[in-house]
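Owing to the predicted nature of the structure, the values given are computational and were not obtained by experimental measurement. Note: hydrogens, waters and symmetry copies are ignored here, and every other heavy atom, side chains too, is used.
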Amino acid sequence: MSLQFLVAKHDLFFNFEARTSRGAMRQRKVWMIKCFDSSQPNVFGLGECAPLPGLSPELNDSFETSLYQHIQSFANLNLKEAIEKLNVERHAYPSSIVMALEMALYDLANKGQRNYFSGEFEKGKSIPINGLIWMADMDLMLQQIAIKIYDGFTCIKMKVGSLNFEKECDVVSYIRRKYYREDITIRLDANGAFKTDEVFYKLNELAKFNIHSIEQPVKPKQHELMREVIKNSPIPIALDEELIGINEKQEKEELLRYLQPHYIILKPSLHGGFAGSEEWIQLAEKHKIGWWMTSALESNVGLYAIAQFTANKDVTIPQGLGTGKLYDNNIPGPLLVEKGILRSFPVQLWNFDDLTFEPL
């Protein structure tokens, strides 16, 4: 068996202006990796490489060249050799490339049926998910909230940090006043936007609204400040960007021991692929730290693999996997979101007609 690879570049177009405290996005690029045995090209594994602008350190002007070089190093191996090589050398590759290779190789090992982590998801297990509210003017945010709650979401995640803080508090207060009967869980994500001299004031103000957790209130790599925030915050703290670039197991454990967060948020495209995420999960559970999975705005292909991985875990709290409807031109696949859950929808088949694969 001799592996061959093809790559398709694909621009995904948001159906709205996706705003965070780091700026706005209208489109993003992903690379689809097709892997097959040269003697049986119609049976292929498919992986998605989706580095996230502003967060993935590997995403620079030379990224595509680097991606092709890394993938090429797996060509002409057999499948077993390729999987062993990835397992041994994964720390040498950027997280988004690790995830793409894991997906392509595992998919091929499972006969090219898009069964990346065969198990509970295809058997019908549903995954509870949060409804994501994007930054916008106040009226549009309230409209998003009304739609999510009407659609059956009981956990709302709202990004904060780019609007006037008082207006953001007004939005959260509105949720609590209007939807008090629905028992809505509110999560917040600051994307590191709170400054040192304001973080405790803002956390104390937000705590009035019974907040489940807040992600990354201050910028990463300020470990003394983050430790103080976690220790004294009236709202449980979840780490997200703080985990990026921490790849060695010992370094991961040292970070968790020092900061002692309440939760960690895992995105395989940013946190060492699925193997890296699994390592974070094991360490978090060892230290009694909660966790949940979320997408890094991948297409339905990457989202499906993350859903399969997640469904094989004992998850009970909502995950951040409700991103399938973000794009006008998402790749059609067997995913369905309804009433705050994500599940497999076998009636919808994969359609890769919009992908043009080319040799490396």
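Residues Val43 and Ile33 are members of one and the same hydrophobic cluster, defined by side-chain heavy-atom contacts under 4.5 angstrom among Ile, Leu, Val, Met, Phe, Trp and Tyr.
Using a 4.0 Å cut-off between charged nitrogen and carboxylate oxygen, Lys313 and Glu120 do not count as a salt-bridge pair. The residues Lys339 and Asp151 are annotated as not salt-bridged, no charged nitrogen and carboxylate oxygen being separated by less than 4.0 angstrom. A salt bridge is absent between Lys167 and Asp137; no separation between the charged side-chain nitrogens and carboxylate oxygens falls under 4.0 Å. Salt bridge status for Glu285 with Lys288: absent, with no side-chain N to carboxylate O gap under 4.0 Å. With respect to Asp189 and Lys157, a salt bridge is recorded, a charged nitrogen being found less than 4.0 Å from a carboxylate O. Look at Arg90 and Glu102 and you find no salt bridge, because none of the NZ, NE, NH1 or NH2 atoms lies under 4.0 Å from a carboxylate O. Between Glu358 and Lys34 no salt bridge is recorded (no basic side-chain N to carboxylate O distance below 4.0 Å).
Put simply, CD on Glu58 and CG on Leu55 are 10.5 Å apart, with the number rounded to the nearest 0.5 Å. Taken from NZ in Lys178 to CD1 in Ile175, the straight-line distance is 11.5 Å, to the nearest 0.5 Å. For the atom pair Lys252 NZ and Gln282 CD, the distance stands at 9.5 Å (nearest 0.5 Å).
For the residue pair Glu17 and Trp134, no side-chain donor N or O sits within less than 3.5 Å of a side-chain acceptor on the partner. Side-chain contact of Thr154 with Glu182: a donor-acceptor pair under 3.5 Å is absent, judged by distance alone. Defined by atom type and a distance below 3.5 Å, a donor-acceptor pair is present between the side-chain atoms of Glu298 and Ser269. A donor-acceptor pair shorter than 3.5 Å cannot be found between the side chains of Gln4 and Asp37.
Other members of a hydrophobic cluster containing Tyr180 are absent, since no ILVMFWY side chain comes under 4.5 Å of it, directly or through relayed contacts. The hydrophobic cluster containing Trp292, built from Ile/Leu/Val/Met/Phe/Trp/Tyr side-chain heavy atoms closer than 4.5 Å, also comprises Tyr263, Ile265, Ile317.
Residues Pro268 and Trp280 fail the side-chain proximity criterion, which asks for heavy atoms closer than 4.5 Å. Proximity of Leu360 to Gln72: side-chain heavy atoms (C-beta onward) are separated by under 4.5 Å at one or more points. Taking the side chain as every heavy atom from C-beta outward, Trp31 and Leu67 approach each other to under 4.5 Å. The side-chain heavy atoms of Glu48 and Ser299, taken from C-beta on, include a pair separated by under 4.5 Å. Between Val337 and Leu321, every side-chain heavy-atom pair lies at or beyond the 4.5 Å cut-off. In this structure the side chain of Phe194 never reaches within 4.5 angstrom of the side chain of Tyr201, judged on heavy atoms. Using a 4.5 Å heavy-atom cutoff, the side chains of Phe44 and Asp107 are not in contact.
Distance alone, capped at 3.5 Å, places no donor-acceptor pair between the Glu215 side chain and the Leu239 backbone. Asn300 contributes a side-chain N or O that, together with a main-chain N or O of Ile331, makes up a donor-acceptor pair within less than 3.5 Å. Glu198 places a side-chain N or O within donor-acceptor distance of the main-chain N or O of Lys195, the cut-off being under 3.5 Å.
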| message | I'd like to know whether His223 forms a side chain to side chain donor-acceptor pair (under 3.5 Å) with Glu242, so could you lay out the CA-CA distance, the side-chain angles of the two residues, the decisive distance to 0.1 Å, and finally the verdict. | response | CA-CA 9 Å; His223 290 168; Glu242 199 73 57; 3.3 Å; yes
| ring pair (Phe, Tyr, Trp, His ring centres under 6.0 Å) between Phe117 and Phe274, worked out | CA-CA 10 Å; Phe117 298 93; Phe274 293 103; 4.7 Å; yes
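Summarising the geometry of Ile129 relative to Gly322, their closest heavy-atom pair is CD1-CA, 3.7 Å, with the distance given to 0.1 Å. Residues Gly302 and Met103 come closest through the heavy atom pair CA-CE, 3.9 Å. Across every non-hydrogen atom of Ile237 and His262, the tightest pair is N-ND1, 2.8 Å.
When Glu253, Glu248, Glu254 are each tested for a side-chain hydrogen bond (donor to acceptor under 3.5 Å, both in side chains) with Gln250, only one passes: Glu254. With Phe121 as reference, Tyr304 is the one residue of Tyr116, Phe309, Tyr304 to meet the ring pair (Phe, Tyr, Trp, His ring centres under 6.0 Å) rule.
Heavy-atom contacts from other residues, nucleotides or ligands closer than 6.0 Å to CG of Asn164 number more than 12. Atom NZ of Lys9 sits in a sparse spot, with 12 or fewer heavy atoms from other residues, nucleotides or ligands closer than 6.0 Å.
In summary, the aromatic rings of Tyr93 and Phe74 are positioned with their centroids under 6.0 Å apart.
Remark: Arg114 is not positioned above the aromatic ring of Tyr106, lacking an NZ or CZ atom under 6.0 angstrom from the ring centre and at most 45 degrees off the axis.
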